[in-house]
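Data first, discussion second: the structure below is written as structure tokens.
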Amino acid sequence: MDTGNHHIRVRFAPSPTGYLHVGGLRTALFNYLFARKGGGKFILRIEDTDQKRSIPDALENLISTLTRAGLQHDEGPDVGGEYGPYIQSQRVEIYQEHIRKLLDAGHAYYCFCDEERLEKLRDEQRKRKRPPMYDGRCRNLSKEDVADKLARGVPFVIRLRYPQEGKTVFDDIVRNRVAIDNSQVDDQVLIKSDGFPTYHFASVVDDHLMKISHVIRGEEWLSSVPKHIFLYKAFGWEVPVFVHLPLLLNTDRSKLSKRQGDVSVESYLEKGYLTEALLNFIALLGWHSADDREIYSLQELEEVFSLERINKAGAVFDMEKLNWMGGYYIRHLDVPYIADQARRFFEEAGIDISDTEKYLKVIATARDYVSCLSMIVEHARMFYDTLTVSEEDKELLEKEDSQRIIAYWVEALGRREKWTPDDVSALVKKAIGELGVKGKGFYFPLRLALFGNCHGPDIPTLIDILGREESVERLTRAMQLER
RNA sequence: GGUCCCAUCGUCUAGCGGUUAGGACGCUGGCCUCUCACGCCGGAAACCGGGGUUCAAUUCCCCGUGGGACUACCA
């Protein structure tokens, strides 16, 4: 099969309907990776031919999300390129010009059937358990008839005159050979009554005009490929290579949808899932290398990605694994980078992180507990906020042993300015020996006083983060609990 | 209903005729440790069913079953 390695041009062509779907991100990612791997171009085209569904700020949002994720396009509405415009609503003259040719050649025809009739028709067909398709009433209208209706201003659409005999066989990188009977293919509407093209028409015209070499998109388009191929041939154009990606699925194995969880990329980004993790996770949904490796940076993916290793079966979007991978990246990337990424979450929570040295230590510790950055605040705020003491905690702190331990530490910490974690470790050993209390009995009250929780990091880490002064202050406060 | 696509642990997957069917998430036992988390080591867990082809099928073919997609003047 010719994968046309020479002039690779691929596109991601979303509709601006509000947000970027994770399935869309996966499609974009695979397009992007294939382009980068093959030294080709990655194009962003906006398919906004449905006036009803387009949302005002969606375009800007889409571009910023894609860019934030690191999938920078080479051509598109914002960056331009020699095959623009890249927004379909700005290309209506082009479609009009092309539909003319189809009409003249007899590959398309005017249809004056109104929606009411079509709906009734489909209902009847469904009732008779027949596939709902256009019955061809306007297929063979006389020239005069058409001219007359047009002159009278009767609303119309333009349909594809699709052959009713034979079958269409085509190749797909993922599916191999696919065959579909032409009798199953409808006379697709190409131009709607508002003059805008449908997806099928616009995408074929644009893919050709934009010299797209490989059409990489979701599997939901597989069964409409015959229509597309027919159009390419009707125009005498070269057919691109098709690559239909397996669907992303809900846990119940239906096509991934909101309703059953978060599907917008923005919402994951807002929660503070690192783009590195999100991309890595999504790359593994339907693609896998030959070995056991699963951790890849975007750059590494660019090097190893190949269309041939894309799977056929749909893949369930597993939050558990995303959470693991999210945490993995937060734990393995550089602390300063994570700290920088997490900054806005602290600012939103109103926590003062101007002490950078402390902030970095907090991040280094708290990151062990989270899978996304928004969670990190909850594991870090006890290093900043005044601790709240519950009744149960108070009971433990008020015990005689607890008070002895705390008093010991206040006194001990007061003896010296500087305390390294090693110094504190030594003091822990010494205190245990001198106080005659050990284990949980020793650690829990201390950790509770310093950190507000019996469970958490070890004492040297806690004191290292808080500093001597704050530590003494917190311990002292624990000795002065109200009765 | 019709057409098309798909089918290895619960999930993501490796496998491309001969393997103790491998890895990851999750689950679980242990180690580390005062605790939690992290980390490390181990365990349970899968070839949808039936026919072929073959000396040999998870792997190739057919049928069945199951799941999904499409079936709009939405993409």
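In what follows, chains carry the letters A, B, and so on, assigned in the order in which the sequence lines appear, proteins first and then strands, with residues in each chain numbered from 1. Note that the structure is predicted; figures quoted are calculated from it, not measured.
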### Task
Using the six-membered ring wherever Trp is involved, compare the ring planes of F281(A) and F317(A) and label them parallel, tilted or perpendicular (cut-offs 30° and 60°).
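The rings of F281(A) and F317(A) stand perpendicular, inter-plane angle above 60°.
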### Message
Check the orientation of F42(A) and H73(A). Use parallel for under 30°, tilted for 30 to 60°, and perpendicular for over 60°.
### Response
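Rings of F42(A) and H73(A): perpendicular, as their planes differ by over 60°.
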### Message
As a quick check of understanding, evaluate side-chain hydrogen bond (donor to acceptor under 3.5 Å, both in side chains) for Y86(A) and D206(A), giving each step before the final call.
### Response
CA-CA 9 Å; Y86(A) 292 90; D206(A) 287 348; over 6 Å; no
### Task
Please list residues of residues 443-451 of chain A whose heavy atoms come under 4.0 Å from any atom in RNA chain B, ordered by number; otherwise none.
Y443(A), F444(A), R447(A)
### Message
Listing request: all salt bridge (Lys or Arg N to Asp or Glu O under 4.0 Å) pairs with a residue in residues 254-264 of chain A, at least two apart in sequence or in separate chains.
### Response
D262(A)-K271(A)
### Query
According to a strict under-4.0 Å criterion, is N182(A) in side-chain N/O contact with OP1 or OP2 of U3(B)?
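N182(A) to U3(B) OP1/OP2: no side-chain N or O under 4.0 Å.
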### Query
What string of B, S and - do you get for nucleotides 67-75 of chain B 5' to 3' if you count protein non-hydrogen atoms under 4.0 Å?
-SSSSSBBB
### Of the listed nucleotides C6(B), C12(B), C36(B), the one nearest the side chain of L285(A)
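Per side-chain heavy atoms of L285(A), the pick is C12(B).
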### Query
With respect to the side chain of V316(A), which nucleotide from C4(B), C12(B), G15(B) is positioned closest?
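Shortest atom-to-atom distance from the side chain points to C12(B).
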### Message
Check whether F30(A) forms a cation-pi arrangement with R26(A) (NZ or CZ under 6.0 Å from the six-membered ring centre, at most 45° off the ring normal).
### Response
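So R26(A) does make the cation-pi contact.
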### Query
Can the positive tip of K358(A) be found less than 6.0 Å from the middle of the six-membered ring of Y384(A), inside 45° of the ring normal?
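Yes; both conditions hold, so K358(A) lies above the ring face of Y384(A).
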Tabulate atom names and distances for all N/O pairs under 3.5 angstrom spanning the protein and nucleotides 39-43 of chain B.
{"unit_1": "G39(B)", "atom_1": "OP1", "unit_2": "R331(A)", "atom_2": "NH1", "d": "3.3"}

### Message
Between K127(A) and D123(A), does any NZ, NE, NH1 or NH2 come within less than 4.0 Å of an OD or OE carboxylate oxygen?
### Response
no
### Query
If you measure from the Lys or Arg side-chain nitrogens to the Asp or Glu carboxylate oxygens, is any gap between D114(A) and R117(A) under 4.0 Å?
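Here D114(A) does not pair with R117(A) in a salt bridge, since their nearest N and O are not under 4.0 Å apart.
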Does [N] have a Watson-Crick or wobble mate here (both distances under 3.5 Å), and if so which one?
N: U54(B); result: none
N: C40(B); result: G30(B)
N: U35(B); result: none
N: A7(B); result: U65(B)
N: C16(B); result: none
N: U59(B); result: none
N: C70(B); result: G2(B)

### Query
Any ring-ring contact (aromatic ring centres under 6.0 Å, His included) pairs touching residues 109-132 of chain A, not counting sequence neighbours?
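Counting only pairs at least two positions apart or across chains, the ring-ring contact (aromatic ring centres under 6.0 Å, His included) contacts touching residues 109-132 of chain A are Y110(A)-F156(A).
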### Y369(A) (side chain) and C38(B) (base): donor-acceptor pair under 3.5 Å
no
Heavy atoms only, 4.0 Å cut-off, all strands: where does [X] land among base, sugar-phosphate and nothing?
X: N453(A); value: nothing
X: G314(A); value: sugar-phosphate
X: E294(A); value: base
X: G327(A); value: nothing

### Task
Measure from CD on E308(A) to P on U13(B) and round the result to the nearest Å.
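Checked: the CD to P distance equals 17 Å.
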### Atom pair CG/CZ of D207(A) and R217(A) - distance to nearest 0.5 Å
7.5 Å
### Summary
Separation between CD1 (I459(A)) and CG (L446(A)), nearest 0.5 Å, reads 4.0 Å
### Query
Among side-chain atoms of S89(A) and D48(A), is any donor-acceptor pair under 3.5 angstrom?
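Judged by distance alone, the side chains do pair up.
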### Task
For U8(B) versus U3(B), give the span between their C1' atoms, rounded off to a whole number of Å.
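Result for the C1' pair: 28 Å, nearest Å.
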Protein N or O to nucleotides 57-65 of chain B N or O, pairs below 3.5 Å:
none

